[in-house]
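In this text, all values refer to a predicted model and were calculated from it rather than measured experimentally. Remember, it's 1-based here, ligands and their atoms both numbered in the order they're listed.
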Amino acid sequence: MCGIVGYIGNEDARDILLNGLSNLEYRGYDSAGIALVNSEGVHVFKEKGRIDVLRKSVDPAVKSTLGIGHTRWATHGEPSKRNAHPHQSASGRFTIVHNGVIENFSQLKATYVPDVAMKSDTDTEVVVQVIERFVKDGLDVEAALRKTLKLVEGSYAIALLDAENPDMIYVAKNKSPLLIGIGDGFNVVASDATAMIDQTRHYVELLDEEIVELTRDSYTIKDLDGNVRERKPYTVSFDAGDTKKGAYPTYMLKEIDEQPAVIRRLLQKYRGSDGMITVDPAIVKAVADCDRLYIIACGTSYHAGLVGQQLIEKIAGIPTEVHISSEFSYNMPLLSKKPLFFFLSQSGETADSRAVLVKVKKLGYPTLTMTNVEGSTLYREADYKMLLYAGPEIAVASTKAYTAQMAVLAFVAITVAQKKGIKLDFDPVHELSIAAQGMEQMVDDKAQLKKIARDYLSITRNAFYIGRGLDYYVCQEAALKLKEVSYIQAEGFAGGELKHGTIALIEDGTPVLAFATQKNVNNSIRNNVEEVSARGAHTCIISMEGITAQPGDQIVLPKVHKAFTPLVCAIPLQLIAYYAALQNECDVDKPRNLAKSVTVE
Ligand code: M6R
């Protein structure tokens with residue numbers, strides 16, 4: 001969703017801001033803008049559409065070493081130049097960019113600036129108008145900002161310029177993500193570290209309801225009462241190279257290909273000196289001691305959670321439920337006596353998941369976040385943390401974070417089983433290495449998956465995935481991936497459920513792709529394939545060598561342990577979606593209407 005950058009230093013701010021916004025493109029946006037400050041005042045440039053359009057519209061004659069920028073994902077007001085950020089106060093003195101939602105914007109307008117004519121349809125603009133009103137009333141800028149933010153209900157990440165003080169950027173945060181980046185003789189503002197990774201690897205986290213006065217060589221963090229808060233920077237563990245496409249045509253393809261390496265990296269990161277899978281003993285104890293584990297997640301992370309539930313129940317014997325965050329938040333089930341909450345989130349910023357975290361923390365329950373982003377909101381706010389070590393995931397469609405989540409959930413299941421004295425009938429390190437090898441084999445053999453996309457998905461508007469057991473969860477992810485990148489309407493069904501309604505949708509040529517990697521249900525899923533085939537479906541079976549494969553199956557996956565079949569299934573489901581998207585000429589890395597970091601509820 002919306003992204004913010006800011007720069008105050010001695011270099012040309014224009015290119016730094018535009019490149020920073022390009023690095024934020026992956027989050028999803030529909031318009032963009034920058035504001036540059038120099039001795040002549042504040043110069044605002046904004047456009048609907050891509051950063052390239054904005055880049056062309058910025059006057060190269062405007063030289064500046066200070067500015068702010070924004071990518072907007074519309075919530076209030078249509079995507080347009082008029083609604084793009086930055087927004088300016090009535091006199092033009094103050095210029096703001098904002099992420100989040102100002103829920104009480106109409107009350108603020110009616111109460112504090114009823115006579116000001118708004119220049120946009122956004123919820124944001126009222127903030128800059130109210131700040132100007134309080135400054136006109138006699139407050140200094142910092143006090144006016146704090147007073148305004150105390151009145152705001154909702155979420156915000158803000159960068160503010162004052163034309164009368166061209167050596168300062170004011171920054172503020174509540175619920176929406178925002179970081180300060182520290183450089184040598186310059187400082188930056190960024191929604192996430194990838195935006196400004198070309199400038200610095202040193203960042204300072206901001207907590208909710210904090211403001212910052214940022215100059216070229218200092219940052220002063222304060223709470224909304226003006227009390228100074230000290231905080232040291234941390235260094236991010238990836239560098240600029242990790243966020244680049246390199247020779248790949250798209251981030252999605254790069255990230256799909258990286259998955260075997262991610263599993264191998266995880267095996268190193270979660271391995272003790274004895275060579276065994278090792279997880280923080282406090283986490284293992286918390287899981288072993290709880291009477292029920294609640295996994296809370298959205299989208300692809302939810303699908304990884306479904307696989308995790310099976311592993312944790314079957315391997316470690318811990319009762320586990322998986323819930324969609326946005327549903328759990330407003331429709332909480334009866335909880336067990338001693339619950340533990342697991343938050344799965346690639347970005348660590350998903351507002352729906354955070355809403356649940358805040359609620360269950362208030363109820364006093366222990367929480368754990370499993371995320372790819374160290375220092376993210378969910379990471380910071382949970383009692384326990386586990387990292388996915390997948391490296392920055394830039395494509396909107398989650399791929400390598402999904403497989404990393406399933407692997408890390410398996411580590412939890414394995415280590416809790418060991419603590420409980422449950423003897424495993426397999427060597428997890430060995431079997432996960434074999435799974436990584438199997439994933440590599442699939443990654444190296446893309447031609448067969450490209451052919452499946454061409455043969456089954458080139459002229460269709462809909463498709464079905466069917467499976468049973470773990471394959472059913474794989475199918476749900478396969479359908480989501482296909483929908484989000486190729487815009488083909490797709491659903492993932494439990495094979496046995498088809499005859500209870502869905503089979504009515506099958507007609508001549510309807511593509512039905514079955515994952516069949518589970519030995520105990522191999523005959524049943526094949527019967528389901530026969531049922532749809534008899535009604536005209538164009539069927540494809542993806543089975544597993546030496547386990548379920550039969551002559552004539554369209555794709556045969558390399559053999560892996562039954563607990564890890566979803567890891568190897570991930571590659572074909574992702575590549576089929578990828579090639580279907582290319583066939584449909586879709587923007588694979590930035591699908592329409594979607595955002596990478598979903599920071600509004
Ligand atoms: O960052 P999160 O894992 O919390 O994000 C959850 C979903 O928004 C995300 O998985 C979404 O479904 C992806 N675009 C799927 O590819």
Quiz item: Nearest protein heavy atom to atom 6 (C) of ligand 1, by residue and atom, and its distance?
Solution: C298 O, 3.4 Å
Quiz item: Counting only heavy atoms, which portion of T300 has something under 4.0 Å from ligand 1: side chain, backbone, both, or neither?
Solution: both
Exercise. Any atoms of ligand 1 less than 4.0 Å from a non-hydrogen atom of A397? List them with their elements.
Key: 16 (O)
Quiz prompt | Heavy atom of S353, distance to ligand 1 below 4.0 Å | solution = no
Quiz item: Which atoms of ligand 1 sit under 4.0 Å from any heavy atom of S301?
Solution: 2 (P), 3 (O), 10 (O)
Practice problem: Work out whether the distance between some heavy atom of E349 and some atom of ligand 1 is less than 4.0 Å. | Solution: no
Exercise. Could you tell me whether some N/O pair between S345 and ligand 1 is separated by less than 3.5 angstrom?
Key: yes
Quiz prompt | Partners passing ring pair (Phe, Tyr, Trp, His ring centres under 6.0 Å) against Y379 (at least two apart in sequence or in another chain) | solution = none
Quiz item: Do any nitrogen or oxygen atoms of S347 lie less than 3.5 angstrom from nitrogen or oxygen atoms of ligand 1?
Solution: yes
Quiz item: Tell me, which protein residue and heavy-atom name are nearest atom 5 (O) of ligand 1, and how many Å apart are they?
Solution: T350 OG1, 3.5 Å
Quiz prompt | Y203 side chain to A190 backbone, donor-acceptor under 3.5 Å | solution = no
Practice problem: Name all residues meeting the side chain to side chain contact (heavy atoms under 4.5 Å, CB included) criterion together with D123; count only those two or more places apart in sequence or in a different chain, and write none if there are none. | Solution: T75, H76, H98, V101, I102, F105
Quiz item: Quick one: is the NZ or CZ of R592 closer than 6.0 Å to the six-membered ring centre of Y487, and within 45° of its axis?
Solution: yes
Quiz item: Regarding K359 and the six-membered ring of Y330, is the cationic atom NZ or CZ under 6.0 Å from the ring centre and inside 45° of its axis?
Solution: yes
Exercise. Would you mind running through ligand 1 and noting each atom that sits below 4.0 Å from a heavy atom of K481?
Key: 15 (C), 16 (O)
Quiz item: Does a side-chain N-to-carboxylate-O contact under 4.0 Å join K400 and E258?
Solution: yes
Quiz item: What about V396: any of its N or O atoms under 3.5 Å from an N or O on ligand 1?
Solution: yes
Quiz item: Which protein heavy atom lies closest to atom 8 (O) of ligand 1, and at what distance to 0.1 Å?
Solution: V598 CG2, 3.9 Å
Quiz prompt | Donor-acceptor under 3.5 Å (N99 side chain, A157 main chain) | solution = no
Quiz prompt | Close-contact set for ligand 1 against E484 heavy atoms, below 4.0 Å | solution = 13 (C), 14 (N), 15 (C), 16 (O)
Exercise. Using a 4.5 Å cut-off on heavy atoms from C-beta on, say whether the side chain of Y465 contacts that of F515.
Key: yes
Quiz item: Any idea which atoms of ligand 1 are less than 4.0 Å away from a heavy-atom of S398?
Solution: 15 (C), 16 (O)
Quiz item: Tell me, do N19 and V5 make a side-chain contact under 4.5 Å, heavy atoms counted?
Solution: no
